[in-house]
Structure formats: C-alpha cells, structure tokens
Student: 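To start, I am sharing the structure in question, which I have written as structure tokens.
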2 protein chains.
Amino acid sequence: MAATTVSLSTSMANAIRALAMDAVQQANSGHPGAPMGMADIAVALWKRHLKHNPADPLWLDRDRFVLSNGHGSMLIYALLHLTGYALSMDDLKAFRQMHSKTPGHPEVGITPGVETTTGPLGQGITNAVGMALAEKLLASEFNREGHVIVDHRTYAFLGDGCLMEGISHEAVALAGAWKLNKLIALYDDNGISIDGQVAPWFIDNTPQRFAACGWNVVGPVDGHDIDAVDAAIAQAKLSADKPTLIVCKTHIGKGSPNRANTSKAHGEPLGAAEIALTREAIGWSAEPFTIPADVAAAWDCREAGAAAQAEWEDRYSLYVRDFPALAVEFERRMAGDLPDNFADISVEAVAAAHEKAETVASRKASQIALEHFTAKLPELLGGSADLTGSNLTNTKSTPNLRFDETGAVVKNEAGVGGRHINYGVREFGMAAIMNGVALHGGFIPYGGTFLTFSDYSRNAIRMAALMKQRVIHVFTHDSIGLGEDGPTHQSVEHAASLRLIPGLDVWRPADTCETAVAWTMALANRNRPSALLLSRQNLPYAAKTGADEITKGAYVLSNPSDVGFKKKDDKAPAAVIVATGSEVQLAIAAQAELAKDGVAVRVVSMPSTTVFDRQSVKYKSDVLPAGVPRIAVEAGVTDFWWKYGCAAVIGIDTYGESAPAGVLFQHFGFTTDNVVATVRKVLGK
Amino acid sequence: MAATTVSLSTSMANAIRALAMDAVQQANSGHPGAPMGMADIAVALWKRHLKHNPADPLWLDRDRFVLSNGHGSMLIYALLHLTGYALSMDDLKAFRQMHSKTPGHPEVGITPGVETTTGPLGQGITNAVGMALAEKLLASEFNREGHVIVDHRTYAFLGDGCLMEGISHEAVALAGAWKLNKLIALYDDNGISIDGQVAPWFIDNTPQRFAACGWNVVGPVDGHDIDAVDAAIAQAKLSADKPTLIVCKTHIGKGSPNRANTSKAHGEPLGAAEIALTREAIGWSAEPFTIPADVAAAWDCREAGAAAQAEWEDRYSLYVRDFPALAVEFERRMAGDLPDNFADISVEAVAAAHEKAETVASRKASQIALEHFTAKLPELLGGSADLTGSNLTNTKSTPNLRFDETGAVVKNEAGVGGRHINYGVREFGMAAIMNGVALHGGFIPYGGTFLTFSDYSRNAIRMAALMKQRVIHVFTHDSIGLGEDGPTHQSVEHAASLRLIPGLDVWRPADTCETAVAWTMALANRNRPSALLLSRQNLPYAAKTGADEITKGAYVLSNPSDVGFKKKDDKAPAAVIVATGSEVQLAIAAQAELAKDGVAVRVVSMPSTTVFDRQSVKYKSDVLPAGVPRIAVEAGVTDFWWKYGCAAVIGIDTYGESAPAGVLFQHFGFTTDNVVATVRKVLGK
C-alpha cells in the first residue's frame, strides 16, 4: 500500500479528526462530523491567528473563541489539548462521562479555554456578538492614546443550524448595526444538517443575507485549504467598520470514505471499521489518543502564547504607571467586583425609597433605583428590546449607545459613551447578547421587555442560569394589570414558570423599597441571573420598619399587632396571607378588613420565592409558622403556590382579557372582598 | 379656510384614519400610528384585490388576511366594519373594553373576519406562511383538472417590528424554500419603531434580505399612492414560484400634523387637539364614529363578496357533482372533523400497543402510534425541526414534502404528495407555522424537536392555546434520560413549565399504550393544542387491564392487590406513589420492593396532569384517596408536584450533567432504592 504523503499542517488537522472520531467512538456518543469538517479551518485560526495563552485561559486581552455549533465539542477539546491548555489526554478519553472536563457540549466553567456554553443553536454566535460589543465598549472606555490595552477579536465557528435559527438573524442584524469589525465568523458551509442535504429547507443565500445586514463577506473559500482560510482571516482582520463572515466550503466528516458528506457523519460514531478506513484514507497511523511528536510540537502554542501575553503585560504595566486609577478600575470591572462602597450605595437607594414612600409603578420604582445605581456603577450596561419608554430602563447616566460612521462609539462632551442599548424588537437576541457581554466581563448587562415576551428569550435566560452569569432581566407589564393590550400581552404563567428555571432569581417587588432591594440583590448576585417582574400600574408604598428582611425573599410585612391586636397574637395569627407584587396591597387591605371582625391575620410579602427558598428552616418557619393556614394571592397561575402548603390560592388560571386594568382585577377576583372571603372560607368563619 | 379636495379613494383611507384615532382616543389606549400609516395600502388591498365575503367570514376559499403588526388592530376593525362584516359601530366604540368584539389586539374567534390572533411580533407573518402552505397543499390534493376549488391567496401586513424578530427570518426562509407564490406580504416601511427612528438598530436591507431567501420583491412603492400599491399587488399576483414582498414607504401616523413620522404616533392616543388638527389636515369633517354615506357606500364589499362566493359555489357544485367522495372528504377536512370511524381507529392503536406490550422508547411508541394514525388520517401533516430521525415524526405514510422547480408539490406514483416537513432548525418558526396551518384548516399539524427546545417555540405554543388550535408538539428526549448531550439539552423544568400554560394539554406517557392514548386524545382535542413529552430511552410496557382510564389523565396502574395484598388493602393503601413517563417503572419496582416488607402501596400513573385536573372531584379522590400520603416521582423540578398535596417529591431541581443516562438516573436519585427509602421516610418506617 502506498504511503500517503501529508503536510504537517494537514497532519495537524488530522490530529483533530483522529481525536474527534476516537473520542466519539469511545463514548459511543457524540458528533464527529463538524470537528472533522472544520479541522483545517481550526488549524488556520488557532495556529496562525488566535491570540491566546494556554497557560492563562483568563488573560484579559485574549481573543475570544466561540464554537456556536457546540455539538462539535470534540473540535474545541482537541484544540485545547493540542495547543497546551490544562486538558489532558485522559480528559479527552473521558469525553461525555460524568464529571469529566469534556462534557457533551462545551460548558464554560468546566473546561479551561471554553468561553461560553453552546449547543442550543444560534446562541453561540449571539454570545459572540455580545463579547465583541463588550470589547469595543471597553476599548473605547479604557484605551488611551498610545496605550491600547483592550484590543482583541472575537471569533465564532458556526454551521447551517445556527444560521437557520431566527436568533442568528437578530445577532447578525445588531452586529452589522454596531459595526463590530473585530467579530469574525467562520461558516462551516457543508450543505448538510441532521435531516440530510439542506437544499429543500435551506435555500438562503447566506452571503447576500449577511451583506444585507452590513457585514463584510469573504469567500466562499475552500475550507480544507488551510492557506486559503488563513488568507481569508487575514483579510477579515483588515475590516475597519464591519463584522466579517468567512464562508468556508467544507465536507462534513471530511476524511471518512463512507460517511463524509452525509448526515450520518453528524451525530453518531463512525464505527470501528469506518474509523480504520478513515485512518488509512487520511494517512493517520497513530494509535487512538496518541499524537505523533512532530504534530504535537507543531500544535503547541504555549511558548507563543506566553510571549504574546508577556508583550501585553509589558504594555499594560506602562498603562498602570501612567493611569493607575484607570487600571485599578479596569481590573475591578474585569474581575466583576462591585465598588468597595456598594453596600453604602445600595443602602442609600433603599433608604431613599423608604423615605419618599412613593406610590408609583414598580417599573418606575426600578427606574428610580437605576438612576441611583447607574450613576455609581459604570459597569451597568442597559437596554431594551424596543420598549425603552415602557420598561424605563434608561436613566440620566445612560445615554443611548451610538456608533459613528467609522464604527467608533459616540461620546458626549464629557467623553462618556452611551450605556443604554436599543436592541430593537429582538428579545432573544438581547438576552443572548447580554450573556455574551457578561461572559466577556467588564459589564453588568440588563435589558427590558414585557414579561410575556420572556417567552421569546426563555432559553437564553436558562443559559445564563446554567452558566452562572450575572445578567439582569427587567420584565415590566407583569400581569393582567397591563390592561387593554389584552391576553397576548398579559402574563399569567410567566412568573411561576420563570421560578422553575434552576439558578435564576425571580423578584416581583411590591413597592419602591422592595424594588430597590431587588436591584441590590440582582447586582450583588455575581453567579446568578435575575429577573425583575415589574408592574405597569401604580403600587402603593407598603409601610415597613426595615428593609433587612426583604433580602431574604419573604418577610412579615404586617403582623396582627400592626392592625390593633395584641403582640402575642403575632405569634399565633389565625391565618397568613402571602402575596407578591401588585397583590400585596390587597393582602394589607384584607388584613385590615378582617381585623374589624377580630380575625388576626399576618401578611407576608414574598418578592422572591427563589431567594426565600434558600433561607434557613428556622427563618422560613418564623415567617410561615407551622399550623397556621396560608392563603396566597398572586395575579398568575395558582399551581406554583401549593408548594408553600397553602390552604387556598387566589390566582388566575386562564388567559386575561382586553380591558382597563381596574376592570380586569375586579373581574378575575383580585379584590379585597375576595381575599377576605377566601380567608374566611379557609377559617370556616 | 380653503376646503381640501379629497378623492373618494383617499376618503376611504381617511375613514380608517378617523376611526382609528377616534377609537384609540375613546379607549384612551391603543396604537393609531399603524392604521393611519397603512390606510392607503388597506384601500388598495381590501377594496381592489382581497377575495372575501363579509357575510360569510368562513367561506372556505376566501383569501386569508393577517395583520402581523397586530397592535394596529383598529386597522382591521375599521376594515371589517367598513366592508360589511358583523362588526358594528358600537363594537368599534367598545374598542379595548371588557368582552367587546374589538380587543386590544386582534383575536381569532372573537371578531368575525379575524383569521389569527396577533400582537407578539413576527408570529403573524409566520402564521401567514402556514396558511399559504396549507392552501398550496390542499390545492394540490383536492383540485382536479378543470375543477379548481382551492385557489386563494394569503396577504400579510407587517412592520419593522416583525422584521426585527428572528422568527421572521425563519418564516421568510421557509416561504422561499417552499415557493409559496400565493403569499403576498406588504411591508409598512416607515422607519420608526417604539424607540424612535430605527436607523441605529435596524440597518437591514430588507429587499436584499428577502431576495436572499428566494422571494420576489416589488417596490419600494409609495405606500400612500393607492394606485401604486394596487399595481404592486397586481404584479405580485403574477409571481409563479416565489412569495412576494411589497415594500411600501409610508409615514407612521400619516395625516397627523404633529405626530406623523414620530414614535409618539405608535402607541398612544393623539389627543383631542391633535385629532382636530388631523381632521382638518386630511379634510375629514365627519363626527367621530360617523362615516359619510358616499364613503360608506364605496367601502361596502357585501355585494361583490357575495358574488365572488356565489361564483365559487357554482364551481364547487360541479366539483361535488363530478367528485362527490372527494367533496365530502374536503368538507370534512376543512371542518376539522375526524373520520367517522376515528373511535375504532384509536381503539385499534391502543389495543395493538397492549397486545405487543413492547419495551421501546416512548418516542418510538409515538412513531408506532403515528404509523397507525397517519395511515388513516390524511389530514395529519407532520414535521420536525431538523431532528426527524430523533423525534421519529416520520412514518411510511408521510413522505417528505418537496416542491419541484415550478413550485408544485412533488407526488409519488400513487399521486400522493409529501406529508412530512423538514422545517430545518427553526423551532419557533415551525410552531407558528403549525398554528397557521391549523387556523387555515384542512390539516392537523404536528411537529417535533427536543423538549428543551420547546423554550424556543414557547410563545407560539402559548398562542396555539390562546387561539384554541389543535396543534400537536412532539417533544422527545424529555429528561436527563437523554444522557451524554448534557445539561444544555436535558429538560428539567420543561414538563412543569409547559403544564402552566393555560389551555395546553401536556402528556408524558409511560409506555406504548399510554402513548397511543395520548395521541388519540391530542387528535380528538379539537380546541386545544397538546404537547407529547417522550423519552429517548427505552421504557418497559406497564401491565394494565384497560386503557379507558388513561384518557382521564391519571389512573391507578397498580393496587396493593396486584402485588399480593388483599383486595381490601386497595381502598386503604399505606401510600400512593404518583409517577409519570420514564419514572413509572421506578414506582412499580418500589411498590414490589415495599410489598416484600408488608407495605401496601398504590401506584398512580399520571401521564397528563392537565387532563386529570379536569376530572370530577369523585374521580380524583378515587385515584388519590384523602388521607393517604402521596409521593411523586418525576425526573423534573419538584415545585409543580406539591399541588397534589404530596408528602414528598422525588425530582431534580438543578441542571443535569453530561453522562450516560443510566449513570445520571443513579446520580440524581431516580432509583428504586431511593423511592423505597422516601416512601419509608414518609411513613416513618
């Protein structure tokens, strides 16, 4: 048999192919097609362009790399191993096994060098847009003449699947509008998706589509010609004011004689026989999980990476010398630390809310809190999905973010750029971009839409929770209280269903004070996303002695002794009414009404069930004493509330109606009378 | 003051403007901008092209009209009133009031002539794609040489908001791929969205983008030149193999001297003063809610509509004469009636499952049921979002839907066209297209993806429930049981959160038999969507005497007497284990284990909580006897299960992991031992 002569570069690509097919085979599960098809592209990018240091995966000025087609996880695992990250061959052998560093899809926080968790298609490229945006904003804010300390690119690999997902359109449109020239996407154009040759269901002219959104399009190039891809990347890096799409024509499962160019290559092991044939076809004779020394040496990026970082550190040390305060601030921001005086800042916000005791909508209360926080925390990067005036996410400190014709951030006379983003009507894109911003570091992103449209962004909210990212969702118009817009816009099931997402904190504050606390908690929660559910309509301030217990998610807002009973009745009320948000006022009114007839009731305000659930058993039973009947009131589905052992739940288990809010609350039984009657019924009196 | 001379056509448009601004003013809520901006376009379409009969809004061969920018609801209400539908001036005066026929956003089923409920942006145009697809498929199936009985168009109005939403990209891509030449979208290109002039966040070259997806693009035309829009529509109707986008340049709030071209025109009343100025500017002197006789007469479409329908009915009567059986079938299909022998068909499916008693994954059980149903029900129109081989939505009776170069449906030798749709990786688009198909009539659409990606389509699922449409979602890979793909793909909160959507039936069957029943119920449920949650992994057949009670959503699968106790123990078991889907086998195993120690346990299988919740109090207490401790087992979040008064819930309140399924079930406590131990703990023994 004739020996196949293979260049070292192609051998480097073949190393990826071999590792991918062998690891998938060993796991008997996984996706060999994409790693084998994109192996040559990966050589061009990772060896010739990507700025990274395997010894320090968190180097601040590294290029970001996103594998948007996350099912091809063995591609990035192979790359991380081969270039010298702390990902051993044993880690690769444990591909897709319990608690390994090589899970089925790449997960940030698990594997050094993985920048974001991908798999749900379309979100990776959208995260990348967020990363590129963060880079551009930080560069604009922190770089100084002769001191360029933020200067890196964001690269994304993506496939047909990502491009079919609607969210990719949202991401592409915004990247174009924002002129993110340092974003470079490499498209694995192989014409195959799981259902087969894509032609019958994917006829998009992708280059034309990207051009229509203000992108620079390079190619198509032969995605198996490493030099051609290399040149395309070099060309992309020259783009001054547009993001670039490089179209790479590839063959899925490249190298496999019988599986290449078929959908069977996508998501199942090749099988031992086909692997043997592939080894032969590509001239790869090494044993599984063995890399020939010359190939290993060619891949090793540790020295070059260390040199690159050292060069940056030299530059950075000059920055530290010339701009010491800025450097401290830059490091704080990138570390995600809040200002040292954050406790004071938040106490001020809450105290101001107490003092003013205003009756305003909680969306307005949110804006009041935001005025305070955005003035003190430059890392707050706000936005709205085309509902700024409704969500009230903008403040005096957050001018709209705009870019000039050159792509530079427009600054005001004080030299400050915009910090409020008009995302357009793109809820899902906004959420996944915020995830990318948070992952990049330097900002705490928050963004608004109506609560009902959290449905559109739901999977990105979930991804933020899975990735433990501090992203804050401002969901206003949180119930039938939005009124006339009707059932398409009225949230009924949303509060409850968001609370089911593991790792997400959900707040539905009742007044200005609870809203300020909710913001404080969301900001301080560095490893969790938060959702703030806010009313369209005015809510009265609920008198309370202190705000300390609001931070526990639920607290005794009013005890029997607050409405004329003896102190001892506080320990044994006849009933506890638990309410959230706009329904707390009903609970308070019902308590007063019942007091007239000698029924001693406690009112518990529970702005955050998720936070309350994490409290001690003692605190929980102090708030909700055993043996005392509980009645929950929330303008949403009732199913959720039974977990608190309620005797009755006043809620709404149908869709709303189009009518003024007051009419709706009456119609659906959110009245003092109904709360009183329900408590009486529970108590049998 | 000089009198303004206005043509009758423009007066017709002004009638819309006046009704819109007056109704919004009276409601003190609503969106005047779009109706005023699109009024001229509406005259061109509704008066000169739309095939409709106000006296019969359900005429089978009417053109379909979708207001994708649903906030402009006064536009369609005005049109329906003016053209002669059963929508009175008093109805218009009740705009946005409780139980009126004119809710804030158009709602199908509430207002005669409204074809779909719109408001959540991007979904209307996607519904329209589904309607146009249904028309094309029905025409292909039922029309005969010389007998064209299905021949109508689908028109959609849409604005910038719809085009920013990612789902619009999914819809546009599929409409192009499917060559839906009878779909005509009119784009209200006014350059304004809620946040203002869209330029900073919406730079898409929309014509180029649509062209990139295989559309015919007409214009831009002046959207205030009725004749120009008329001509553009005439041109669009000539398209033989492409859907058409007509770009209409308009001014939002056209006619209002101070509000036109501003975002303030979008979503708030103009105010009395500006309305007076507008009346003067457009030369409209009629009182609010009054239409001059000449304008009213010009708008009246009743005569022309009746004539159009009569002409069709003449043709249809010839069809009935020549193809009587086909006509009966066509009418059955359009009425949404199941075949007369549906009861027999479903009994056969369930009986076959019982008889074979196979151990297969419930996704496979679903395919087995589908083989049966698709062979008998030609209205079943399947599909998958690029996971056909995983969702198992395809059957022998449902070849893939394909179109030839001319745009015609490809048929096999038997003359039968495809009935399984490769939607590509477009979950949200698929769901909203299915809604459109169901709304059009003639088909029962079903479509598959992984359960976790129900997040992507969630709002369209909600819309199906709100609209009471029979759409069936096949959600496979329903838990950590999917194994190695890891937490991004593993559903944890999804079963529970889908159950919270009002009006949606959710099934999580335990075996082949329950799966067949779930399909039967979903098909028979003509006013509800259903979601079938199915396992990737094999599930054993659960022995049971009959299937009747499965239809009640929950039933006693195994009583103490089935595992050796006396009959009398059935009435007073020590505990009830409630389980769904893949966890039912654990409940059965635990029951047997506990029986060894003399603990008498009942096992309740609860494939559908939503269906069970609708049963009588007696049935519910027969299944879950009062006073007997309940232990729920489901591989999902625990919060949901407390509503059944459980003493303990075995579930998973964190994200999953990437590992083989067996390892995961063990790790997360889904083991017989843990169920046994939990029951013991509850019982204190």
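Note on naming: letters A, B, ... go to the chains in the order of the sequence lines (proteins, then strands), and numbering restarts at 1 for each one. Since we're looking at a predicted model, the values are computed, not measured.
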Student: With a 4.5 angstrom heavy-atom cut-off, which part of B/Q490 approaches chain A: side chain, backbone, both or neither?
Tutor: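 Only the backbone of B/Q490 comes within 4.5 Å of chain A.
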
Student: Report the relative orientation of the aromatic rings in B/H169 and A/H169; use parallel for angles under 30°, tilted for 30 to 60°, perpendicular for over 60°.
Tutor: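 If you compare the ring of B/H169 with that of A/H169, the planes turn out parallel.
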
Student: Give me the ring orientation class for A/Y456 and B/F428: parallel if the planes are under 30° apart, tilted from 30 to 60°, perpendicular past 60°.
Tutor: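 Judged by the thresholds at 30° and 60°, the geometry between A/Y456 and B/F428 is perpendicular.
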
Student: Please state whether the side chain, the backbone, both or neither of B/F202 comes within less than 4.5 Å of a heavy atom of chain A.
Tutor: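 Both parts, backbone and side chain.
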
Student: I want to check something: taking the side chain as every heavy atom from C-beta on, are B/T388 and A/I194 in contact at a cut-off of under 4.5 Å?
Tutor: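 Answer no - side chains too far apart.
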
Student: Taking side chain as everything from C-beta outward and backbone as N, CA, C, O, which of these in B/R209 sits under 4.5 Å from a heavy atom of chain A? Side chain, backbone, both or neither.
Tutor: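 Contact with chain A is through both the backbone and side chain of B/R209.
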
Student: Please flag which part of B/A465 lies under 4.5 Å from any non-hydrogen atom of chain A: side chain, backbone, both or neither.
Tutor: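 Both parts, heavy atoms under 4.5 Å.
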
Student: Going by heavy atoms in the side chains, are A/W201 and B/R426 under 4.5 Å from each other?
Tutor: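 They are in contact (side-chain heavy atoms under 4.5 Å apart), so the answer is yes.
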
Student: How about A/P120 and B/T452: do any of their side-chain heavy atoms sit closer than 4.5 Å?
Tutor: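 When only atoms from C-beta onward are counted, B/T452 and A/P120 do not touch, as no gap falls below 4.5 Å.
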
Student: Given side chains that start at C-beta, do those of A/D160 and B/V425 come closer than 4.5 Å, heavy atoms only?
Tutor: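 SC-SC contact between A/D160 and B/V425 ruled out.
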
Student: Could you have a look at A/E170, A/E657, A/E165 and say which one has the most heavy-atom pairs with chain B under 4.5 angstrom?
Tutor: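 Top count of heavy-atom pairs under 4.5 Å with chain B: A/E165.
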
Student: Between A/Q208 and B/A211, what is the shortest heavy-atom contact and its length?
Tutor: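 Where A/Q208 meets B/A211 most closely, the heavy atoms are NE2-CB, 3.8 Å.
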
Student: Could you report the tightest heavy-atom contact between B/V492 and A/R462, atom names first, then the distance?
Tutor: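 The pair with the smallest heavy-atom distance is N-NH2, 3.9 Å.
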
Student: Within a strict 4.5 Å, meaning less than it, do heavy atoms of the A/T488 and B/M467 side chains meet?
Tutor: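 Contact flag for A/T488/B/M467 side chains = no.
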
Student: What I'd like to find out is whether the side chain of A/S658 reaches to under 4.5 Å of the side chain of B/H105, using heavy atoms alone.
Tutor: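 A/S658 does not reach B/H105 side chain to side chain.
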
Student: Centroid separation under 6.0 Å, is that true for the rings of A/H489 and B/H71?
Tutor: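 No, ring centres 6.0 Å or more apart.
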
Student: Looking at A/T638, A/T118, A/N422, A/I501, which one has more heavy-atom pairs under 4.5 Å with chain B than the rest?
Tutor: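 Sorted descending by pairs with chain B, the first entry is A/N422.
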
